[in-house]
Engineer: 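Before we start, here is the structure in question, set down as structure tokens.
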Amino acid sequence: MIAIASLFVVALAAPPSDAAAVPDPRRAASPDSAASQALAVDTDELERILRESPLGKGLVPVAGGLTDDAVAEKAVAASPSLQIKQEAIERAAARVDQAIVSFLPTIGVKASYSRLSKAAINFGGGASVAAVNGPSEGVAPITVGDCPGGQGQCALDPQGVPLVITPPFKIQIPLNSYSLSANLSVPISDYILSLAPARKGTLAARESAVFARDAERVKVQTDARLAYYNWLRGVASLVVIEDSLERTRSRLVDAENLFNAGSATRSDVLRVDALVSSQQSAIADARAFRKIAERNLAVMMNEPTRAYDVGEDILAPPPDLGELPTVDDLIAEAQANRLEVRSLERAVDGMHQNIRATRAQYYPRLDAFADALYANPNQRFFPLSPVWRASWSVGVQLSYTINQSLRTKAQVRELKTNKRELVLQAELMRRAIAIEVAQAYHDRERALAAIELSTRGLASSVEAYRVASENYKLGAATTNEIIAAEGEQVQAALRAVNSRIDLHVATTRLLYATGRLNPK
């Protein structure tokens, strides 16, 4: 009795798988030849026994029921992790645009107005005196006489013309300053040394993000399908235990009749009654497990929790994988196809290009420039006057900062470290993929072998329980025998359905591990 209760607990606690999803290409295949062979040994009789059993009837697909395809599709549509990967692509695309824009010629325009304080420019310290008519030879005296018109006295030159007095030369600077300017800078050295590797680096980073997004989509589909199969385990376990409870209750009635007839002891009745209680407890556990599995599916699909109906024939074989190569060949195929590895490889390429672009900073910088100015007053013209005037200039500039080499060396060192880290992460991923492929491959082989054995075992245990039940009614079998037969039938039923679910799970994992689920 304790052993059977433990069996129920173990069966209900079967761990979910965590690998691969199965999109449309997976559904396009015909039944797997190896799986068909495993089911083909006494196929008609064994399959009929399984499908006509309470377990088979409890797993019959219902129109509109839940399928693994539906779970995968809804999980992808509602996955926050996939949306995060999509945002990473947008961020990488923005960096591509930033890299391109940073190499465009820099164009700037400026308009300004200034109010200046009063100022003037003086030429000379006082007034100057000059004669209009000087002597032809030697020095002629200056005389004083009547001014022209008879108005006062004036200093006269030798010919009687008044001397000219010129005040000091003084320039008044305008108080209002207006300017419109434009400038153009062309990074010539960047075009030669940095443009190509910088662009390749950002494009590689974007491709890496795309591969990561696609890998996440496949993983989300895979996790959803495996959660669906785990839910089916709970459904099957509940069907098996409920069917077992009905049989045990019938045996309890038989035990009580035998006790009343004096052919059984009170201990026999109590032991069967204890088995009923144990199965009722196992049913409560199975129902709780099923509700947890249903909530897990609902969370993945982002919909309210509800009771789901089975919509897929889990007893049917999984899709055809064709003639599989050796495990080593499958590992090589997986390491070449897995999108996670491709993402890391493109990230390594991008980091290499970033190192090339950064190394360009070791060299002097060459820029071409052009400036245009339209100002009032324009400082290029003398003397300053409140008039709008235009001027321009063009040239090239070679510059070099000593400290820049030290900063560049440190930056290159950091980038090289990041690149080595990505290379090591890619190697770790390849090793993990090798283990994942080998495990899925051998799990699938084990599931194929278990299908025939578990179906035969179920047929035998059903017949053994029937015989034990008939003998028990006649008093020819003990309580221990009927309890043992019941426990064996429960185990056989669980093994039969779990072997088929295991085959679906292992096939899905193998498809995922080898990268055969990648979007085309």
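Starting from 1, each residue takes its place in the sequence as its number.
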Engineer: Would you give the length of the straight line joining atom NZ of Lys416 to atom CE of Met351, rounded to the nearest 0.5 angstrom?
Structural biologist: 13.5 Å

Engineer: Please lay out, stage by stage, how Gln86 and Arg213 fare under the test side chain to side chain donor-acceptor pair (under 3.5 Å).
Structural biologist: CA-CA 6 Å; Gln86 182 62 44; Arg213 187 271 315 274; 2.6 Å; yes

Engineer: Is there a donor-acceptor pair under 3.5 Å between the side chain of Thr202 and the backbone N or O of Val96?
Structural biologist: no

Engineer: Kindly check if the number of other-residue, nucleotide or ligand heavy atoms within 6.0 Å of CZ (Arg407) is above 12?
Structural biologist: yes

Engineer: Give the intermediate values and the outcome of side-chain contact (heavy atoms from CB on, under 4.5 Å) for residues Tyr441 and Leu324.
Structural biologist: CA-CA 10 Å; Tyr441 181 87; Leu324 289 178; 4.2 Å; yes

Engineer: Between Val490 and Ser244, which heavy-atom pair has the shortest distance, and what is it?
Structural biologist: CG2-OG, 3.4 Å

Engineer: Any chance you could lay out the side-chain contact (heavy atoms from CB on, under 4.5 Å) test for Ile355 and Arg359, step after step, and finish with the verdict?
Structural biologist: CA-CA 6 Å; Ile355 293 173; Arg359 280 176 174 166; 3.8 Å; yes

Engineer: Just by distance, no angles: are the side chains of Ser79 and Ser81 close enough, under 3.5 Å, to form a donor-acceptor pair?
Structural biologist: yes

Engineer: When rounded to the nearest 0.5 angstrom, what distance separates CZ in Arg287 from CD in Glu242?
Structural biologist: 5.0 Å

Engineer: Taking Thr401 for the side chain and Gln404 for the main chain, is one N or O donor matched with an acceptor at less than 3.5 Å?
Structural biologist: no

Engineer: Calculate, to the nearest 0.5 Å, the distance between atoms CG and CG belonging to Asp190 and Leu104 respectively.
Structural biologist: 11.5 Å

Engineer: Examine distances only and state if a side-chain atom of Ser499 and a backbone atom of Arg495 form a donor-acceptor pair shorter than 3.5 Å.
Structural biologist: yes

Engineer: Is it the case that the side chain of Ser454 and the backbone of Ala450 share a donor-acceptor pair, with hydrogens and angles ignored and the cut-off at 3.5 Å?
Structural biologist: yes

Engineer: Apply the test side-chain contact (heavy atoms from CB on, under 4.5 Å) to residues Glu414 and Lys419: give CA-CA distance (whole Å), side-chain angles for both, the deciding distance (0.1 Å), then the verdict.
Structural biologist: CA-CA 9 Å; Glu414 179 183 4; Lys419 179 183 176 181; over 6 Å; no

Engineer: Pair Arg233, Asn498 - check side chain to side chain donor-acceptor pair (under 3.5 Å), show working.
Structural biologist: CA-CA 7 Å; Arg233 292 184 193 274; Asn498 280 331; 3.1 Å; yes

Engineer: Counting C-beta onward and ignoring hydrogens, is there a side-chain heavy-atom pair between Arg206 and Arg95 closer than 4.5 Å?
Structural biologist: no

Engineer: Provide the closest heavy-atom pair for Ala492 versus Gly457 in the form atom of the first, atom of the second, distance.
Structural biologist: CB-O, 3.8 Å

Engineer: In plain terms, say whether Arg342 and Glu207 are close enough for a salt bridge, that is, a side-chain N and a carboxylate O under 4.0 Å apart.
Structural biologist: no

Engineer: Does a salt bridge link Arg91 with Glu87, judged by any charged N lying under 4.0 Å from a carboxylate O?
Structural biologist: no

Engineer: Does a donor on one side chain and an acceptor on the other come within less than 3.5 Å for Ser461 and Glu488?
Structural biologist: no

Engineer: If you take all heavy atoms of Met300 and Ala78, which pair is closest and at what distance?
Structural biologist: O-CB, 3.9 Å

Engineer: Just how far is it from atom CZ of Arg466 to atom CG of Asn471, taken to the nearest 0.5 Å?
Structural biologist: 9.5 Å

Engineer: Under 4.5 Å between any side-chain heavy atoms of Tyr362 and Val412, yes or no?
Structural biologist: yes

Engineer: With a 4.0 Å cut-off, would you call Glu452 and Arg456 a salt bridge?
Structural biologist: yes

Engineer: Measure from the side-chain N and O atoms of His504 to the backbone N and O of Pro317, and report whether any donor-acceptor pair falls under 3.5 Å.
Structural biologist: no

Engineer: Report the residue from Glu340, Glu436, Glu345 that forms a salt bridge (Lys or Arg N to Asp or Glu O under 4.0 Å) with Arg430.
Structural biologist: Glu345

Engineer: If you define the side chain from C-beta out and look only at heavy atoms, does anything of Thr514 sit under 4.5 Å from Asn337?
Structural biologist: no

Engineer: For the atom pair CG (Leu415) and CZ (Arg420), what is the distance rounded to the nearest 0.5 Å?
Structural biologist: 11.0 Å

Engineer: Mind checking whether Tyr229 and Ile314 have side chains closer than 4.5 Å, heavy atoms only?
Structural biologist: yes

Engineer: Does Asp329 form a side chain to side chain donor-acceptor pair (under 3.5 Å) with Thr326? I'd like the steps, not just the answer.
Structural biologist: CA-CA 5 Å; Asp329 290 338; Thr326 63; 3.1 Å; yes

Engineer: Short question: side chain of Glu481, backbone of Thr478 - any donor-acceptor pair under 3.5 Å?
Structural biologist: yes

Engineer: Short question: side chain of Thr248, backbone of Val276 - any donor-acceptor pair under 3.5 Å?
Structural biologist: no

Engineer: Could you please spell out the steps behind the side chain to side chain donor-acceptor pair (under 3.5 Å) verdict for Arg500 and Thr455?
Structural biologist: CA-CA 10 Å; Arg500 283 159 172 78; Thr455 305; 2.9 Å; yes

Engineer: Looking at Lys85 and Glu216, is any side-chain nitrogen of the basic one under 4.0 Å from a carboxylate oxygen of the acidic one?
Structural biologist: no

Engineer: Is there a side-chain contact between Ser194 and Tyr363, using heavy atoms and a 4.5 Å cut-off?
Structural biologist: no

Engineer: Would a distance-only check, ignoring hydrogens and angles, find a side-chain to backbone donor-acceptor pair under 3.5 Å from Tyr228 to Leu66?
Structural biologist: yes

Engineer: Salt-bridge test for Arg247 and Glu486: reply yes if a basic N is under 4.0 Å from a carboxylate O, no otherwise.
Structural biologist: yes

Engineer: Is the shortest distance from a Lys or Arg side-chain nitrogen in Lys74 or Glu303 to a carboxylate oxygen in the other one below 4.0 Å?
Structural biologist: yes

Engineer: Of the non-hydrogen atoms in Gln279 and Ile241, which two are nearest, and what is the gap between them?
Structural biologist: O-CG2, 3.7 Å

Engineer: Between Ala513 and Ala334, which heavy-atom pair has the shortest distance, and what is it?
Structural biologist: O-CB, 3.1 Å

Engineer: Looking at Arg251 and Glu256, is any side-chain nitrogen of the basic one under 4.0 Å from a carboxylate oxygen of the acidic one?
Structural biologist: no

Engineer: Do side-chain atoms of Asp273 reach the backbone of Val269 as a donor and acceptor pair under 3.5 angstrom?
Structural biologist: no

Engineer: Could you walk me through whether Phe211 and Val341 pass the side-chain contact (heavy atoms from CB on, under 4.5 Å) test, one step at a time?
Structural biologist: CA-CA 9 Å; Phe211 283 133; Val341 176; over 6 Å; no

Engineer: Could you tell me if the side chain of Asp268 sits less than 4.5 Å from the side chain of Thr265, heavy atoms only?
Structural biologist: yes

Engineer: Is atom CZ of Arg199 surrounded by more than 12 heavy atoms (other residues, nucleotides or ligands) closer than 6.0 Å?
Structural biologist: no

Engineer: Indicate the atoms forming the closest heavy-atom contact of Trp231 with Tyr308, along with that distance.
Structural biologist: CZ2-O, 3.4 Å

Engineer: Verify, without hydrogens or angle tests, whether Asn257 (side chain) and Val253 (backbone) share a donor-acceptor contact under 3.5 angstrom.
Structural biologist: yes

Engineer: Taking atom CG of Asn230 and atom CG of Asp223, what is their separation to the nearest 0.5 Å?
Structural biologist: 12.0 Å

Engineer: Side chains of Glu463 and Val467, heavy atoms from C-beta outward: is any pair under 4.5 Å?
Structural biologist: yes

Engineer: Given side chains that start at C-beta, do those of Pro197 and Asn354 come closer than 4.5 Å, heavy atoms only?
Structural biologist: no

